[in-house]
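As structure tokens, the structure follows; a few thoughts come after it.
Order of appearance sets the numbers: ligands from 1, and atoms from 1 within every ligand.
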Amino acid sequence: MSARRMLLLGPPGAGKGTQALRLAAKLGIPQISTGDMLREAVAAGTDVGRQAQGYMDRGELVPDAVVIGVAEERLSQGDAESGFVLDGFPRTAAQAEALDALLARMGTNLERCVALVADEDSLVARLLGRAQIEGRSDDSEETIRTRMGVYRAQTAPLVDYYRKRGILGEVDGLGSIEEVAKRIEEALS
Ligand code: ADP
């Protein structure tokens, strides 16, 4: 497993966050989650948080300009020089292009994209279960359906974008955390 600059792609509930954290800890590189950073911004009441909150509560995407700013600032920090696991970014073609441009300016590139694959009904069931445990404000059934639709329309096309680039690995996202982690490591090796 030699790649150190990678991203995890997949629909809501596919386990990106869990797997990204695990992978980042194992490799000693930061996990960079725009969802986590935006939730922190909302909690802290910053400008970014105020701009993002309504979209997040409705399950819609936060505008590209806001998210790209957040991601660029984080990727420019020193600890990302040794590598990173991106989680939940990019989610649109414009974000993917901005990421490419930023990495090019930094004299580097993305080495690998791992796409977690899972059927929508299993994911909705999983998210409804998580909603009861964590009480995240965007985990109502209606919002979950919106997030799935947004994924299909805006983010799923990125799978092809990275496939064409020859850096895509597709992994079955259903199974235990350990099983999925093992598949991801195989896809990265
Ligand atoms: P999930 O993958 O379960 O939907 P995330 O924590 O990744 O959860 O994202 C939660 C919400 O944060 C999204 O529904 C969206 O409103 C916002 N968000 C996170 N990342 C992005 C992004 N890259 N572009 C636009 N909005 C984003």
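Around atom CZ of Arg145, no more than 12 heavy atoms belonging to other residues, nucleotides or ligands sit under 6.0 Å away. Summarising the local packing, CD1 of Ile177 is surrounded by 12 or fewer heavy atoms from other residues, nucleotides or ligands at distances under 6.0 Å.
Judged purely by distance below 3.5 Å, without hydrogens or angles, the side chains of Arg50 and Gln53 never pair a donor atom with an acceptor atom.
Summarising the geometry, atom CG belonging to Leu116 is positioned 9.0 Å from atom CG belonging to Asp172; distances are rounded to the nearest 0.5 Å.
Within the 4.5 Å cutoff, the side chain of Val114 has no heavy atoms near those of the Leu7 side chain.
Seen from the ring of Tyr161, Arg163 does not count as a face-on cation partner, given the 6.0 Å and 45° thresholds.
The residues lining ligand 1, counting any heavy atom closer than 4.0 Å, are Pro12, Lys16, Thr34, Gly35, Leu38, Arg39, Met56, Glu60, Leu61, Val62, Val67, Gly88, Phe89, Arg91, Gln95, Arg130, Arg136, Asp138, Arg147.
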